[in-house]
Structures are given as structure tokens and as C-alpha cells.
J.: 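Structure below; questions to follow.
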Amino acid sequence: MTGEHGKGTAGRGVVWALVRPVWRTLPWRALGAAGTVGLLLAGTSRLVSGGPTPWLTLVLLRAAALVGALGLAFLLDDPARHLTAPVPTRRPLRQALRAVLVAPPVALWWAAVLLLAPAKVRPPVAGVTVEAAATCALAFAGAAAAVRLTREQRPGQAVAAALLTSAVLAPLLLPDGWELFVPAENPAWDAAHDRWALVSVAAVVAWGLCGPEPSARWARVRGPGGRRAGSSA
Amino acid sequence: MSAVMEAAPAVVRTDTRGSVRAVLALARFEARRLLLNVPVVVAFVAYTGWIVWRTQQSWDGYPALQDADRATQGGPLLVGTAVMLCADFAVLRSRRHGTEGHFAVLVVAPWRRTVAHVLSVVPAAALTAVCVAGQFTWEALKPGAIGHGSPAELAVGPLTVLLLGAAGVLLARLAPSPVAAPLLAVCFLFTFVLGAFPAGGEGTAWLAPVVTEAGTDTLPSDLLGRPAAWHALYLAGLALCAAFLAVLAAGGRNVAVKAGVAVTLVLALVGAVGQAGEVSPEVTAARERFSVSPEKEQTCVERGRSTYCAFPEWTARTGTWAGVVDRVQSLAGGSARTQPLVVRQRIDARHGLDGDAALPPSAAAHQVTVGTSWGGNRVPEFSTAVAAVLVAGDEKASGAICDGRMVTLMWLSLSWQDDPLDALRRVRLDDSLSGSAVVLSPTDPLTMTEGQTDVVRRLLERADDDTAGKVKAHWAELTSPDVTTARAAQLLGVAGPRGADSCGE
């Protein structure tokens, strides 16, 4: 253990060594359940007799994106977080590794969801993808904030509840000129998706800010009694 | 040793009563936690905010209580979703905190704890019932309220919350994963609140917790044909069945629980079958009678010169109609000023609540049709119908008016109102103040040309009261079928039309 030189040892080798254990600890059951429900939701648009309307397709794609984000809200759940607080590999790196590992399956899943929507009534793919990315980024940011601000080991459930609550309230409470949930044929579609892009950037920034362990803890980790930080965290 | 032997039976004797007390204490604790949970608090705040915002302006202040009871059902869906989520999380709390093992040594078995969780949903449902009662009472206390509410329709909101809460507890017992409830909540919200999936046939549509059937027209209570009582029974049976199933899934395998599952399942099935039936023949016959021969179902009252015939639930509103008729008639001249009118309420209920059938104009002389709604745009529409009958003699003839008489007609209809120009805008289909437009009335709409619109607007904009005298002085010529819009403008002393004079042009 070279805890005093944590940053130096977090090289490429450590990341490669972390891939397997992090992959194993990802919340695959929650992600699998959310993915399945998302695919089912997107698939129902094919079952509607007489073909779905563009509005229905858009609503179902949004529902699928929300469901996917609810699954991702559990991504930073880590029952061992208090044990791993003093390890040399910093938390932002470990969290980023989780996100990187989960990104390819999520991208494949989103492509499948988009393909399940009938091509004739599919809303603009880029716009819907921006919405989905922003929703997922909000889930990440929420989970990172919960990890940063609380001592909860599994904040996923609370983050999912918060995400769901804001998803219900946002369409009701957003003021005029700040609409996010516009139909595809609406001229405000482009402006709304600029706002969605802003939301995702803000969420990623918030995630970045919430990533590091609190500085007080760092001070203790760096200090001579670094080993004690794990037990006091 | 003997002391232990003596103490043991005492514990056994008080076991049932003690565990009931423990379950109730746990239920109280969980109920308090549930009501203070952030999603539930947010849902209740949003729900009460929605009630206040909506009820202030609903039905333009003239609600029909047989519609108002149904309007209380949508909001509780939001509360119910939050309660489902939080009830599920409450059951999973001990598992998440790793205290499930500690509870195993307590005398309160897991199924008794589940009973407490199910009971903890009841106060949330009761609070919803208070909100529903408040919303409905507010509507009922409005001076313009008429009709009757149905207790079964009012029960749907609280029962939905109860059902969803019990479903949350059941879900936690069947799928003890924290991701299950949010996923179910999303599916539920998108299915029933946003209505993303179109309802199925007549029978399956009623399997949804809330079926609003928002039609455009208000119908008398007897013609609604909604299986409200069956639906309430179905919801109650389903809620209790979910509750008993949750207890069963938690290991409560005693006879009472099994019997409870069976009985409540039968209740839910009876409700589901009862509500799936077609509209009863009596209701269909009554709808036919009310639509084809309303005079046989109505009571008529004399007010001033005219007679007002309304369906029994609407008799309180005849005074309001009489106020409009008197004002319009006081502006007319000639014999129209003293002509007795018959104001008859008519509906087309044959297609039920979803029907959107237009009423044909009445051919009877001096008879004006009035609908079942009132307030807002219905007032200038009715006023226009009264003016049209005064000018043309009957509704059927007034539909063909498209000459200078239209100016007189619209002036009679609008000039007495508080804001005549605003009333003109509202009574026109496209909400415009220039150009040609369709003018709404309780039966067939009328048409205004561009020129007529200009003349009427100038008349209404003019401040002096001289127009009333001119209308009375030239009444015979202004209501003759030969008068042109230009001539009417000249008689009334405003600039003539620049656009089309009559519809033929």
C-alpha cells in the first residue's frame, strides 16, 4: 500500500486492475430490470392498433429514457464505500470507471429502444437522444451528490424517487419560455433541446463537483493517521 | 424454576392482544413516516395546489355536480403513485439497512409487520378523502351549482390511493428490490395519467382505476349510465385483495388471511363484471326520451312574459336565463319587445357522455334553445340565440340570416353585456374582431361577413346610447329580410361596410 502517494499509483495498470472488480459490483439487476421495462415500453408502440401517433411514440421514448435513468440512479450504490474511502485510487476515477463500463451497454440499449419505435412516427433521433442523455446525466449527478453529501451506502433508491418526483413536477411547474417537454412538430423543439443540452452539461458539471471525497476526509487521509480515516468515515 | 413456569402462561395469554397493540403502534409510526416522506408531501402539496387552481375557475362558476364529482378523481392518481413508491420503500427499509435479521428475534412476525404497513396507507387515503370532500364541497357551495353528486364517484379518489398503497406493499413483498417501485410508477403514470395507451373496449376500459369520460355536454344525473357503484366495489375489492395478498406473501398463512384473499377477490371480480356491462336499457330509453321529447320530462315556469322549461335539476337556473332574455328583449322594438318566448332546454344524450352531437335548430315559433352548461361563452351564445329568434321568428329561419339583419341581431345580443367587444370575440369561433367568422349559438351556428363584422364592431365601440333609440325607431326596416348591411349601417348612423355586405357576395 502506498497511500501517501495515491495519485501517483493510480496509473493505467491500476485502472485495468479495477475493471474486473468494478464490473462485477455494478448493479446489474437494477440495470437489467430497467432495461427490460424500457424495451417493453418502447415496444408497446408497435402493438397499438392502427399505428401509433408521433406524440405517443415520443411519450413512450421519454418513458423509456426515464426508466433507463432510474436504473442508472443505482450505479453509484456501493456497500463498501466507507471501506474504500482511504484507498489510493480516488473516488472520481472509480465513479468514472463505473460510468465508462456501463456506457456501451446503455448505448446499445438506447439504440434498440430507438429502433423499436416505428420509423414513420419516430421523433428526431438527435433531439430525443439529447433528452435521454440529460436525464441519465441528472441521475448520475443526483447519485454523486447523494454520495458526496450523505453517508448513505446505497443512495440509489432516494435518487430514483427524487428523479421520478422531478420528472412528474417538471412538466407542471416549468415556467413559460423554459419548456423542456415539447412535441416534435412544435417550432420550439430546437430551442427546447438547447435547454436539454444545457441541463446535461450542468448535470455533468455537478457530478464533477460532487465526485471527490470531502476535503476534511482528504486531510485526514493525507495525514499521518491515514489508516484511521477508513474507520471514522 | 417455578417462577419461570408460572410466568410463561401469562405471556401466552396476552400474546394476541399484545401483538395487536404492537401492530397498531407500528402502523401509527409507519403512517406518520409515510405522510412525512418527501414524495408524498410533494404530491399532496401539488394536489392541493391543483385543487385550488382548478376549482377557482372550473365550469365558469356554474358547475353541474354530476360532473364535479368525477372531476375529483384525476388528482389522487398522483398522490397514489407517491404513496405506492413510499409504501414500497418503507417495507424495504429494514432490508436496506440490514436490520431484517434483528427483527427476526422480535415477537412481531413479518406478516404482522406487513399488516402494519398496509394499515399505514389508510391515513393517506383518509387525507385524500378530505381533499376530495373539500374540492366537491367548494363546487357545491358555488351559487351557480346544480345537480347531484354521486358518493360512489367521490369514493374513487381515496380508493385509488388505498389500492396503490396496498399495491406498493405487495410489490415490496413480491419483488424486494428498490428499483421495482420506481419502474412500476413510471409505467403507471404513463399509462393512466398521461393516457399514453388508448383505452380498450367498453368493458376493459373500466379496469383502469379512473375513467373520467370527459364529454363536452353535461347530462342529467339519471342519464349518465356510469357503473360508478360497481367501479367503487371493484376498486375496494382490488385494494383489499392486494392488502391480503401482501400479508399472505409475507407468511401470514392463517385462515383469516386466506379467506380475506378469497372474499376480496370475489368482490373485485363481481365489481369488474358488473361494471363491464352495457348501458342499461332503462338509461338508453331515458336518453332517447330526454333527447327526442324533452317537453315530457321538463317543468316549465313563467317568468315575466316568457316561459322557461328546464329539466328537473336545472329549474334553479331559469332565473339566470330570464335575466338574459329580459335584457335582450328590452333592447328590441316593435312587437318583438313584448313577444312571449319559450326557452326550452334541449340535449342530445343518445350517444352518452362521449357524444358530441350538435343540436338541430328548433322550428317552433318563438322558441329558444338553451343547453345544460352556463357561464363564460355560453352566455353570449344564448343571448345570440334569443336575439336571432326575436329578429327572425324562429331558430331554423335565423340560421339563414346573412343580410343587414345580422347587424341588428348581433347588436341586440351583445350591447347589454359588460364588455360587448370581448363578448363579440368570444362568441365568434376564431376569437377574432375582424373578417368573416362563424358565430356560435346553442344550436346551428350563424355566419357574419367581413362587412357585417365591421359595422357591428363600430356600433359596439360607439359610446353614446343613441343606438337603442334608432333600433327601436327603425325596427321594422332593420328586421326586414330585404335590408342590406349598408342600409342598416346608414339607419344606425355608422360608416357602412367596406367588405362583403352579405354572404352571397
Side-chain angles (χ1 to χ4, degrees), chain A residues 27-38 40-42 44-45 47-50 52-53 55-75 77 79 135 139 152-169 171-173 181, chain B residues 34 37-47 49-50 53-54 74-75 77-93 95-98 168 171-172 174-201:
Chain A
W28 288 117
R29 284 173 73 175
L31 290 173
T36 313
V37 172
L40 285 176
L41 276 173
T44 44
S45 62
L47 300 179
V48 179
S49 57
T53 58
W55 181 82
L56 177 65
T57 320
L58 179 63
V59 163
L60 286 174
L61 285 179
R62 278 176 181 157
L66 178 59
V67 159
L70 287 176
L72 288 173
F74 291 84
L75 191 70
D77 281 13
T135 318
E152 184 66 52
Q153 295 170 345
R154 297 188 185 114
Q157 178 179 301
V159 175
L163 190 68
L164 194 55
T165 310
S166 16
V168 173
L169 288 185
L172 302 176
L173 297 184
F181 302 91
Chain B
L34 185 70
N37 232 317
V38 174
V40 175
V41 170
V42 168
F44 268 111
V45 168
Y47 176 42
W50 173 80
W53 175 77
R54 186 182 190 287
L77 280 176
L78 193 67
V79 176
T81 313
V83 168
M84 176 180 78
L85 197 68
C86 294
D88 180 272
F89 288 172
V91 179
L92 295 179
R93 194 192 311 123
R95 183 183 267 269
R96 193 161 63 94
H97 291 166
L171 181 71
L174 294 181
S177 157
V179 79
L183 294 186
L184 187 70
V186 173
C187 296
F188 179 81
L189 282 174
F190 278 87
T191 310
F192 295 119
V193 180
L194 273 181
F197 306 106

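Residue numbering restarts at 1 for every chain, and letters A, B, ... go by the order of the sequence lines.
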J.: From A:L172 CG over to B:L78 CG, what is the distance, rounded to the nearest 0.5 angstrom?
T.: 7.5 Å
J.: Report the residues that fulfil side chain to side chain contact (heavy atoms under 4.5 Å, CB included) with A:A162, sequence neighbours left out, ordered by chain and then residue number.
T.: none
J.: Taking the side chain as everything from C-beta on, heavy atoms only, tell me whether A:Q157 gets closer than 4.5 Å to B:R93.
T.: no
J.: Under 4.5 Å from any heavy atom of chain B, what part of A:V67 do you find: side chain, backbone, both or neither?
T.: both
J.: Mark yes when over 12 heavy atoms from residues, nucleotides or ligands other than B:R54 sit less than 6.0 Å from its CZ; otherwise mark no.
T.: yes
J.: So do A:L66 and B:F190 actually touch side chain to side chain, heavy atoms under 4.5 Å?
T.: yes
J.: Taking atom NE2 of B:H97 and atom CD of A:Q153, what is their separation to the nearest 0.5 Å?
T.: 9.0 Å
J.: Check A:R154 against B:R96 and note the closest heavy-atom contact, atom names and distance.
T.: NH1-O, 3.4 Å
J.: Among B:V38, B:T81, B:V42, exactly one meets side-chain contact (heavy atoms from CB on, under 4.5 Å) together with A:T165. Which residue is that?
T.: B:V42
J.: Does any non-hydrogen side-chain atom of A:V37 lie less than 4.5 Å from one of B:C187?
T.: yes
J.: Taking only residues two or more places apart in sequence or in another chain, which ones pass ring pair (Phe, Tyr, Trp, His ring centres under 6.0 Å) with A:W28?
T.: A:W23
J.: Looking only at heavy atoms, which two atoms of B:A185 and A:L164 are closest? And how far apart?
T.: CB-CD2, 3.5 Å
J.: What residue in A:A161, A:A63, A:A160, A:G156 has the most heavy-atom pairs under 4.5 Å with chain B?
T.: A:A63
J.: At a 4.5 Å cut-off on heavy atoms, which part of A:L169 comes close to chain B: side chain, backbone, both, or neither?
T.: side chain
